[in-house]
Amino acid sequence: MPEGTLCNKKPVETAEGITTLLADQSGKTYYEEMKSLEVDSDLLWKTIQNTCKTRIRTWLEICAHCGMCADSCFLYLANDRDPKQVPAFKIQSTLGEIIKRKGKVDNKFMLHAMEVAWAQCTCCNRCGTYCPHGIDTGIMFGYLRGLLYQQGFVPWEMKIGAGMHRVYNAQMDITSEDYIDTFEWMVEEYEDDYPGLTVPVDVEDADIMYTVNAREAKHYPEDLAEAAILYHIAGEKWTVPSKGWELTSLAMFAGDWAACKMQVDSVYDAMERLRPKRMIGTECGHAHRATVVEGPYWAGRKSGRPPVESIHYIEWLAEALRTGKLKIDPAKRIKEPVTLQDSCNYVRNHGLRETAREIISYIVEPGYFIDMAPNKEHNFCCGGGGGFNGIGYFRKQRNIGLKVKRDQILATGAKLVISPCHNCWDAIRDLEEVYEIGIKWSFLKPLIIKMLIIPEHLRPEEE
């Protein structure tokens with residue numbers, strides 16, 4: 001296929017390349033071209049020989065086909081328990097077959113593998129929790145995505161997202177200058193209500209270096225101001241980096257391994273440059289996973305940790321409420337049925353099972369919180385993780401997958417879903433749009449700001 005086509009095997013590394021892809025009306029031409037994309041079997045097999053380590057090979061070999069992973073998968077349940085949706089079958093029939101055939105697969109097979117990798121798995125890793133052999137199919141699907149990306153079989157939105165990281169070090173076309181300007185502009189909007197409110201940029205040796213999801217600067221700038229307000233009221237010494245501020249990684253969803261490293265390196269460079277005591281990432285699950293959980297792996301850090309202590313925003317909120325840095329007016333607590341969406345990426349994959357529930361104990365009137373069943377590390381994926389939210393080509397499959405979360409929410413009787421994760425927030429928003437079950441959804445920041453007790457010295461002077 002000529003290099004000038006939309007669907008080629010080269011990564012997108014220029015703003016012009018991104019603009020060209022974006023002009024393709026939801027990828028129509030891109031996907032048509034993909035049907036004639038040739039598989040470089042020699043490169044595919046060579047890549048597998050160099051990168052497919054003992055763990056994955058062992059997992060593929062020891063799978064007993066027992067079916068214990070079946071009911072763990074929300075997509076299996078949502079699709080009327082279709083045997084082809086069993087996690088073990090999905091990975092064995094794709095990655096397993098590629099390895100068995102030593103990379104000698106054709107275009108039709110790779111198109112099928114692409115659909116399975118992005119429309120039949122969100123890499124939530126729930127199946128690994130129930131496998132008697134400890135096989136983690138989610139990790140294997142992440143590896144499969146990398147092989148597919150190298151060959152050019154990657155959804156249109158994921159190709160664009162990975163390209164954004166290469167060009168902008170962010171999942172959106174936002175420069176560092178745009179980000180700082182947006183943050184400062186939003187803070188100025190709230191200065192009258194919160195005297196002294198600022199956004200400290202590139203302050204060295206601060207207690208906190210705050211990082212965000214680029215979607216906040218692009219689509220939800222009020223989230224930036226809300227974070228600044230909470231740090232201001234808590235009296236924190238904090239800062240934002242002018243470079244290395246983006247915590248998310250669509251490159252991880254896309255399987256662009258090189259861009260994964262580029263992205264996390266940019267954040268780690270900011271840590272080393274500014275030397276904060278801690279890095280705190282915004283309310284985003286995959287951002288935490290990409291930079292804190294898997295980030296050290298992509299960056300090749302032998303310590304297995306980022307350069308400084310790195311925590312999720314809910315950990316800071318719980319700490320601030322526990323220590324009295326933030327105080328809640330009991331009269332303003334939530335007094336309606338409310339439930340919590342546990343994010344796969346920082347609950348199941350990083351152990352933060354109780355943290356958000358501690359926050360809820362401060363902000364929800366006793367008796368009004370109803371947990372989903374199952375919950376915590378056993379909770380089902382929201383239905384939009386792993387990039388599933390953003391892939392229009394597989395929207396029908398995604399909407400079917402939302403049924404499991406819909407039924408979980410309905411069973412609680414909750415009217416409000418607290419969702420401290422961007423992917424979960426988006427999926428629940430879309431769930432309501434598709435199924436109209438009559439719910440609201442929210443991050444934690446705006447809820448807490450509405451019920452804070454503002455210290456006297458931080459209040460605006462009365463006219």
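For reference, positions follow the sequence shown, starting with 1.
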- Contact check, side chains of Ile418 and Leu447, non-hydrogen atoms, under 4.5 Å: yes
- Contact check, side chains of Thr20 and Asp24, non-hydrogen atoms, under 4.5 Å: no
- Task: Begin with the C-alpha distance, continue with both residues' side-chain angles, and end with the deciding distance and a verdict on ring-ring contact (aromatic ring centres under 6.0 Å, His included) for Tyr313 and His288.
- Result: CA-CA 9 Å; Tyr313 197 80; His288 188 75; over 10 Å; no
- In Å and rounded to the nearest 0.5 Å, what is the CD to CG distance from Glu294 to Asn345? 8.0 Å
- Leu340 and Pro420, any side-chain heavy atoms less than 4.5 Å apart: yes
- Query: CH2/Trp59 to CG/Leu95 distance, rounded to the nearest 0.5 angstrom?
  - Reply: 11.5 Å
- Roughly how far apart are Phe253 CZ and Cys260 SG, rounded to 0.5 Å? 10.0 Å
- Query: Does a salt bridge link Lys445 with Glu222, judged by any charged N lying under 4.0 Å from a carboxylate O?
  - Reply: no
- Message: So which atom in Met372 and which in Thr412 form the shortest heavy-atom distance, rounded to 0.1 Å?
- Response: CA-CG2, 3.9 Å
- Go through the steps for Phe388 and Phe394 under the test ring-ring contact (aromatic ring centres under 6.0 Å, His included), then give the verdict. CA-CA 8 Å; Phe388 211 4; Phe394 298 133; 7.3 Å; no
- Glu358 and Arg322, any side-chain heavy atoms less than 4.5 Å apart: yes
- Closest heavy-atom pair and its distance - Pro374, Asn379: O-OD1, 3.3 Å
- Query: Could you state the interatomic distance from CD1 (Ile363) to CD1 (Ile328), rounded to the nearest 0.5 Å?
  - Reply: 7.0 Å
- Item | side chain to side chain donor-acceptor pair (under 3.5 Å) pairs, two or more places apart, involving residues 431-443 | Glu336-Lys440
- Query: Just wondering, are more than 12 heavy atoms of other shown residues or ligands nearer than 6.0 Å to NZ in Lys415?
  - Reply: no
- Test side-chain contact (heavy atoms from CB on, under 4.5 Å) on His350 and Val292 and set out the steps. CA-CA 9 Å; His350 205 215; Val292 180; 4.2 Å; yes
- Message: Ignoring hydrogens, what is the shortest heavy-atom contact between Trp45 and Ile99? Give both atom names and the distance.
- Response: CZ3-O, 3.7 Å
- Pair Ile208-Trp316, side-chain contact (heavy atoms from CB on, under 4.5 Å): steps then yes or no: CA-CA 10 Å; Ile208 293 168; Trp316 176 78; 3.9 Å; yes
- More than 12 non-hydrogen atoms from neighbouring residues, nucleotides or ligands closer than 6.0 Å to NZ on Lys450, yes or no? no
- Could you tell me whether Arg348 and Glu377 make a salt bridge, using a distance below 4.0 angstrom between a side-chain N and a carboxylate O? no
- Message: Within the 4.5 Å heavy-atom criterion, are Val434 and Arg406 side-chain neighbours or not?
- Response: no
- For the pair Arg166 and Asp256, evaluate salt bridge (charged side-chain N to carboxylate O under 4.0 Å, His left out) and give the outcome as yes or no after the intermediate values. CA-CA 10 Å; Arg166 287 174 173 270; Asp256 185 348; 2.8 Å; yes
- Item | Atom of Ile174, atom of Ala214 and distance for their closest heavy-atom approach | CD1-O, 3.4 Å
- Rounded distance (nearest 0.5 Å) linking atom CG of Asn389 with atom CG of Asn423: 5.0 Å
- Keeping the roles fixed (side chain from His312, backbone from Cys284), state whether a donor-acceptor pair exists under 3.5 Å. yes
- Can you check salt bridge (charged side-chain N to carboxylate O under 4.0 Å, His left out) on Asp342 and Arg353, steps first, answer last? CA-CA 8 Å; Asp342 289 299; Arg353 301 171 183 84; over 6 Å; no
- Residues Arg215 and Asp223 bridged, charged N to O under 4.0 Å: no
- Query: Does atom CZ of Arg305 have more than 12 heavy-atom neighbours, drawn from other residues, nucleotides or ligands, at distances under 6.0 Å?
  - Reply: no
- Task: State, yes or no, whether a side-chain contact exists between Met68 and Ile135 at a heavy-atom distance under 4.5 Å.
- Result: no
- Message: Evaluate Arg357 against Asp371 for salt bridge (charged side-chain N to carboxylate O under 4.0 Å, His left out), listing each step before the verdict.
- Response: CA-CA 9 Å; Arg357 287 167 179 79; Asp371 233 329; 3.0 Å; yes
- Residue pairs, two or more places apart or on separate chains, that pass ring-ring contact (aromatic ring centres under 6.0 Å, His included) and touch residues 81-140: Tyr130-His378
- Of all the heavy-atom pairs spanning Ser72 and Phe380, show the shortest one and how long it is. O-CE2, 3.7 Å
- Message: Over 60° means perpendicular and under 30° means parallel, so tell me whether His422 and Phe443 are parallel, tilted or perpendicular.
- Response: tilted
- Query: Going by atom types alone, do Gln408 and Lys405 pair a side-chain donor with an acceptor below 3.5 Å?
  - Reply: yes
- Message: To check you understand the geometry: which heavy-atom pair defines the closest contact between Cys121 and Phe141, and what is its length?
- Response: SG-CD1, 3.3 Å
- With sequence neighbours left out, what residues match Asp178 under side chain to side chain donor-acceptor pair (under 3.5 Å)? Thr175
- Report the C-alpha separation of Trp425 and Tyr220 in whole Å, then their side-chain angles, then the decisive distance to 0.1 Å, and conclude whether the ring-ring contact (aromatic ring centres under 6.0 Å, His included) test is met. CA-CA 12 Å; Trp425 191 97; Tyr220 310 110; 5.3 Å; yes
- Query: Side chains of Pro11 and Tyr149: does their closest heavy-atom pair fall under 4.5 Å?
  - Reply: yes
- Message: Does Thr51 form a side chain to side chain donor-acceptor pair (under 3.5 Å) with Tyr143? I'd like the steps, not just the answer.
- Response: CA-CA 9 Å; Thr51 61; Tyr143 178 73; 2.7 Å; yes
- Task: For the pair Arg278 and Glu319, evaluate salt bridge (charged side-chain N to carboxylate O under 4.0 Å, His left out) and give the outcome as yes or no after the intermediate values.
- Result: CA-CA 13 Å; Arg278 292 194 293 186; Glu319 175 189 283; 2.9 Å; yes
- Query: Side chains of Gln171 and Asn213: does their closest heavy-atom pair fall under 4.5 Å?
  - Reply: yes
- Kindly compute the distance separating CZ (Arg126) from SG (Cys73), expressed to the nearest 0.5 Å. 9.5 Å
- Task: Taking atom NZ of Lys9 as the centre, report whether more than 12 heavy atoms of other residues, nucleotides or ligands fall under 6.0 Å from it.
- Result: yes
